[in-house]
Structures are given as structure tokens and as C-alpha cells.
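Residue numbers start from 1 in every chain, and the chains themselves are labelled A, B, ... in the order their sequence lines are given, proteins ahead of strands.
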Amino acid sequence: MAGPGFINVRLTADAWVEELRAILRDAGDYGRLTVGQGRRVNVEYVSANPTGPMHMGHCRGAVVGDALASVLEYAGYAVTREYYVNDAGSQVDTLARSAHLRYREALGETVTIPEGLYPGDYLVPIGRMLAKDYGDRYVTAPEADWLELFRTRTVAAMMDLIRADLALLGIHHDVFSSEAEVQAAGRVTAALDRLRADGLVYQGTLEPPKGELPEDWEPVEMTLFRATAFGDDSDRPVAKADGSLTYFGTDLAYHAQKAEDADELIDIWGADHAGTVKRIQAAVKALTAGQDGIGKPFDVKLVQMVRLLRGGEPMKMSKRAGNFVTLADVVNEVGKDVVRFTMLTRKADAQMDFDFAKVVEASKDNPVFYVQYAHARICSLHRKAVEAGMALPQPDLSLLDADEMALVKLAAQFPRIVEGAAANREPHRIAFYLGDLAAAFHAGWNRGNDDPSRRFLMVNDAAITAARLALADSIGQIIRNGLAIMGVAAAEEMN
RNA sequence: GCACCCGUAGCUCAGCUGGAUAGAGCGCUGCCCUCCGAAGGCAGAGGCCAGGGGUUCGAAUCCCUUCGGGUGCGCCA
């Protein structure tokens, strides 16, 4: 005993040697866990509105969600990657009208995009496509004739654009769910009827907000969900005074839909939606609670905004002018791996700066580079050994010294890191761990600079080289496994 | 006014399902480059973990509270 509640257990060197063998044997599967027990987890992320291409505001949520999905898979969950397409609100009508203008433009008109419509150039090719398909049939036709058609066509085209952007990041969702389809399938009515039967949906008016009262406040009767019964601060409207659904009204039914095929739900949201977390959690609890009164596990992970910098200077962006930085621009400039890794170098709920200059910097304070560099060094050892014409025997791992075994101990923590990252839904832990592991490996490498007898590659000693290469391989394997979870390629050479 | 997030080294941040002397990078100080890849390396200084209270054998970690930042706040999506 070493103090209360403490029992010191010292594993023998053999145990660590055995772990090293396990890393090399299990290779790409080392660190895979069964803690998920095959439970079905639905991870919904990105879900950007289909009104334009992906911009950098979407990027972090996309990467965090995707990496989280991978971590959970690695930990033994059955994961569904899902994207919710908001194709039912007034914004997609606005999109259709914007596309209609571009359609007229494609037929020769000179158009100006009025305030309130989407001015982006990305609608120009959509306009051309519509012109090609429909000729001048809808130029002067009343809106009712073309709105639905143009909406459908344009949303489909936008989703193609978004899927292409996501593919640049290596992100592919399993399921795309449509808000319009959730409504058309009668799921909203069904969900609201159920809740109404339980007294959780009712006609009523909301209390005016505390504090400063809005000028034009008038009590209005609408359809409300009793969110206060589940810890929210106020009941929340599911249908407006005119009877049309609110966003929340459909979202609630959508979550009920997801819950049908999943044991657990996770949403990845931008932090600007933090204010609506409680109501959706209340809704999921109400809709999924069984006889025990406990709903299905449902986490909402908030992802903070990313500030874009170039050489320390914030980049000016104006959404109105439509000159936002697109995701494609950034990926094309710095590469998928840099974007993905960097997005995971901070915990999701902390704000982050993304500096175009720093993320590609080849230095020790750039973990993207440092981890890649470690892997490249490990790969280079084999090339060097071959060049030196060495014939390596079966490694005798008992030749490794205490410093080298310390590296094995760190590598052997990988499964626990995966477990923690999965349990806490924090994929950034993988990135930090890889940074630590890479640093430890580099330190080991550097020992060889001070003392040549401690180099990994000892041309005159095949036995020790074989053992040390086995050690290096195990580190390389862990780096590959970790990077694979993050969706980052492991470089074999640095340029 | 209410809710949520945050407050850890000079700076940027890890650590938070409670556990042994609180970690990293930058910056700072001092050494080190005929040497497997020095696009660096080693060592050191630097912290009442915002303040206060509580739970516990034990708290940066959990609870309450104060202060200080950020965000959101009736039928927008």
C-alpha cells in the first residue's frame, strides 16, 4: 500500500514485451475494443443547410463528427453517420427563387439579385442546367408553377455540391434524411399526437421573456411542447399561430425517427445553437422514454467557432457579400490531412484559431507535422536497413532497455485512450495522445544523436537493430491506427 | 433577468467518469550541431488550477456561491 486507496502493481518487463508483440500481431486492429458491445449509435453531423457550398464554419463540426464516429466504431459500436437535410423551410424557397433568377439569366436576361436572395455564383451553373432542361417554359410563369420543381432540383444540386465538398475531407455519410420527407411521411403528426395524448403537447401562450420585454410583444396562442417537464426553461412552440410547423416541430419528429433504429443518438451542433439543446433533449426524452421513464441516451456535442487567420491577421468575411471562405478553398490550399488533424487539436467546445501559415509549418509546435514526421522517420529506418543490406533476425525483445520499454508503455496506453475518447465523445484525445507518443519517439531518436550506441539502426549489430526496429514498428503502428481514426493519412516520407 | 460554455505557467492550450510531486508547446535562461533525417536536442526557472464554501481518506476534477469573459434567449432555420 502506498497511501489510502492505493495498491502499487508493478508489471514485469515480460508483460510489456508481451504487449509489444500484441501491437505487432494485431497491427491495424490493436486498440480495437468491444466496450461498445455492438450498440447502435447514430451520429448526426454537418447537416448544413442545402443553400450553398460548405464554408469553413461547417468544417470543424464535420471533422469532429466524423472522427467521433470512427472512434466509436473502433470502440465496438455499430455507427450510422447521418446528415439531416433541411429541405423544407422557407430558406429552400428562397433558394429556389434565387435559382429561378439564375435560370432567367442563363436565358439571356440581365438580372440583379435582390437583398434577401442568395447571391452566390454557385447558382449560375444551376440556372444553366434548369435552362437547358426546361427552356423558357417558366420564365414568365407564376411562381406556383415552378417553385416546387426548382426547389427540388436546386436542393438536389446543392446536396451534390455538399457531398463533393465533404468527399474532399474524406467524409461520407451513410444516411441523408430529408426534413420534407419526415413531414410527408406523417411523422410529425404522429409524434405530436403521441405527445398530445400524454399531455405534453397543448395549445397555449408563452410567458413573455423575463428581463427586457420585446417592443411588439403580444400573447399568441400556438401549439406548445411541454419542455419544462424535462428540465427546459420554457415550453417550446412546435407549430406557429397559423398552424404551420416550426423547425423544432419537425426536428422533434426527426429525432424520434432516428431513435427507432438506434440505441443511442449523438448530434454535433455549432455552438450558436446551444440555446436549443435543452428542448431537443427534452423532446427525445419524452419520445423515447420507456416504462422506466428513462429515454435513450442522447448527447448533443457543441462545436465552437473557428477563427480564420492568415499570418496572425484575422480574415475578413462577409456573409452578405457572399465572399466567405469555402471549405474547398481551404482543403485545396493546405490539404485534407492538415485540415482534419488541426480541427482535432483542440477540444470541441473550446474556440480555435486556424492560421493558414501555422498549420503547414514544419516545426515542433505543429503537431500535424510532428506526428507525421515521427511516422516518416520510422518508415525511413526500414529503407535504411535495406540500403545497408542488413539481414535482420527474429527480434529478441529482451534486448530493449528501460528507456525503450518506457516507449512501449506509452504505446500500450492506446486502447485506453480510445476508450476514453469514445466514452467522453472526445476525438481530440487521439490527436493529443499521438502528439505525446510522437514526442516520446523523437526523444528516443535523439538519444541516438548524443550516443551513437543508442540508435535504432546499428549497422554492425543486427540483433539489437532487429529489436529496436520492432519497437519503432510498434510506435508506427499506433500512429497509423490513431491517424486512421482521425481520418488522416500516415506519411511515409516528408517532402 | 434566465440558460449554456469558459476561467490551469507571461502566452496558446491539455488534464476534468476524483487518486500519488498539476503537463505540453511558445517565450525566457544555460549548455549542445564532424553523429540513424539538428525542418533541432538536453537541462532549468516559472502555477494558492479566478476567489470562497461544501462533499470525501483524497478535489484542477463533483456540488453551492461570488467575481470575471463569451454565447443564446417568443411563432428563425
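Checked against Val303(A) for a side chain to side chain contact (heavy atoms under 4.5 Å, CB included), the options Met352(A), Arg60(A), Met343(A) give a single hit: Arg60(A).
Rounding to whole angstrom units, CZ of residue Arg346(A) and P of G70(B) are separated by 19 Å. Summarising the geometry, the separation between NE2 on His273(A) and P on U71(B) is reported as 16 Å, rounded to the nearest angstrom. Counting to the nearest Å, the C1' atom of G15(B) and the CD atom of Gln413(A) are 13 Å from each other. Tyr433(A) has its OH atom 17 Å from the P atom of A24(B), to the nearest Å. U17(B) atom P lies 13 Å from atom CD1 of Ile417(A), rounded to whole Å. The NE2-P distance, from His382(A) to C36(B), rounds to 18 Å in whole Å. Taking atom CD on Gln304(A) and atom P on G69(B), their separation rounds to 18 Å, with Å as the unit. Here the P atom of nucleotide G74(B) and the CZ atom of Arg236(A) are 8 Å apart, to the nearest Å.
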For RNA chain B, the expected dot-bracket line (Watson-Crick or G-U under 3.5 Å, [ ] crossing, | inter-strand) is (((((.(..((((.....[...)))).(((((.......))))).....(((((..]....)))))).)))))....
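Nearest nucleotide to the Met222(A) side chain, out of G15(B), G74(B), C13(B): G74(B). Which of G41(B), A38(B), C4(B) sits closest to the side chain of Lys278(A) comes down to C4(B). The side chain of Tyr247(A) sits closest to A77(B) out of A14(B), A77(B), G74(B). Residue Gln91(A) places its side chain closer to A77(B) than to any other of A77(B), G15(B), C42(B). The side chain of Pro237(A) approaches G74(B) more closely than any other nucleotide in the set C36(B), A77(B), G74(B). In the set A77(B), C36(B), U12(B), the nucleotide with an atom closest to the side chain of Leu381(A) is C36(B). Nearest to the side-chain atoms of Asp233(A) among the listed nucleotides A3(B), U12(B), C16(B) stands A3(B). When each of A77(B), U12(B), A38(B) is scored by its nearest atom to the side-chain atoms of Arg377(A), the top-ranked nucleotide is A38(B). Taking the side chain of Thr276(A) as heavy atoms from C-beta on, and the options G15(B), A3(B), A77(B), the nearest nucleotide is A77(B).
Contact check for Val43(A) versus Leu72(A): side-chain heavy atoms found under the 4.5 Å cut-off.
A cation-pi contact, defined as under 6.0 Å to the ring centre and within 45° of the axis, is absent between Arg429(A) and Tyr433(A). Geometrically, Arg163(A) engages Phe176(A) in a cation-pi contact defined by less than 6.0 Å to the ring centre and at most 45° from the axis.
Atoms CE and CG, from Met159(A) and Asp165(A) in turn, are 10.5 Å apart once rounded to the nearest 0.5 Å.
Ala241(A) comes within 4.0 angstrom of a base, heavy atoms only.
Between His58(A) and His55(A), the ring planes lie tilted relative to each other; the angle falls in the 30° to 60° range. Below 30°, between 30° and 60°, or above 60°: for Tyr254(A) and Tyr84(A) the angle between ring planes is below 30°, a parallel geometry.
Listed pair Trp445(A) / A38(B) meets the phosphate criterion, a side-chain N or O lying under 4.0 Å from OP1 or OP2. In this structure, Arg429(A) reaches the C16(B) phosphate: one of its side-chain N or O atoms is under 4.0 Å from OP1 or OP2. Applying the 4.0 Å criterion to OP1 and OP2 of G15(B), one finds that His428(A) has a side-chain N or O inside that range.
Side-chain contact of Ser47(A) with Glu44(A): a donor-acceptor pair under 3.5 Å is present, judged by distance alone.
Residue whose closest nucleotide on RNA chain B sits further toward the 5' end, between Leu302(A) and Asn446(A): Leu302(A).
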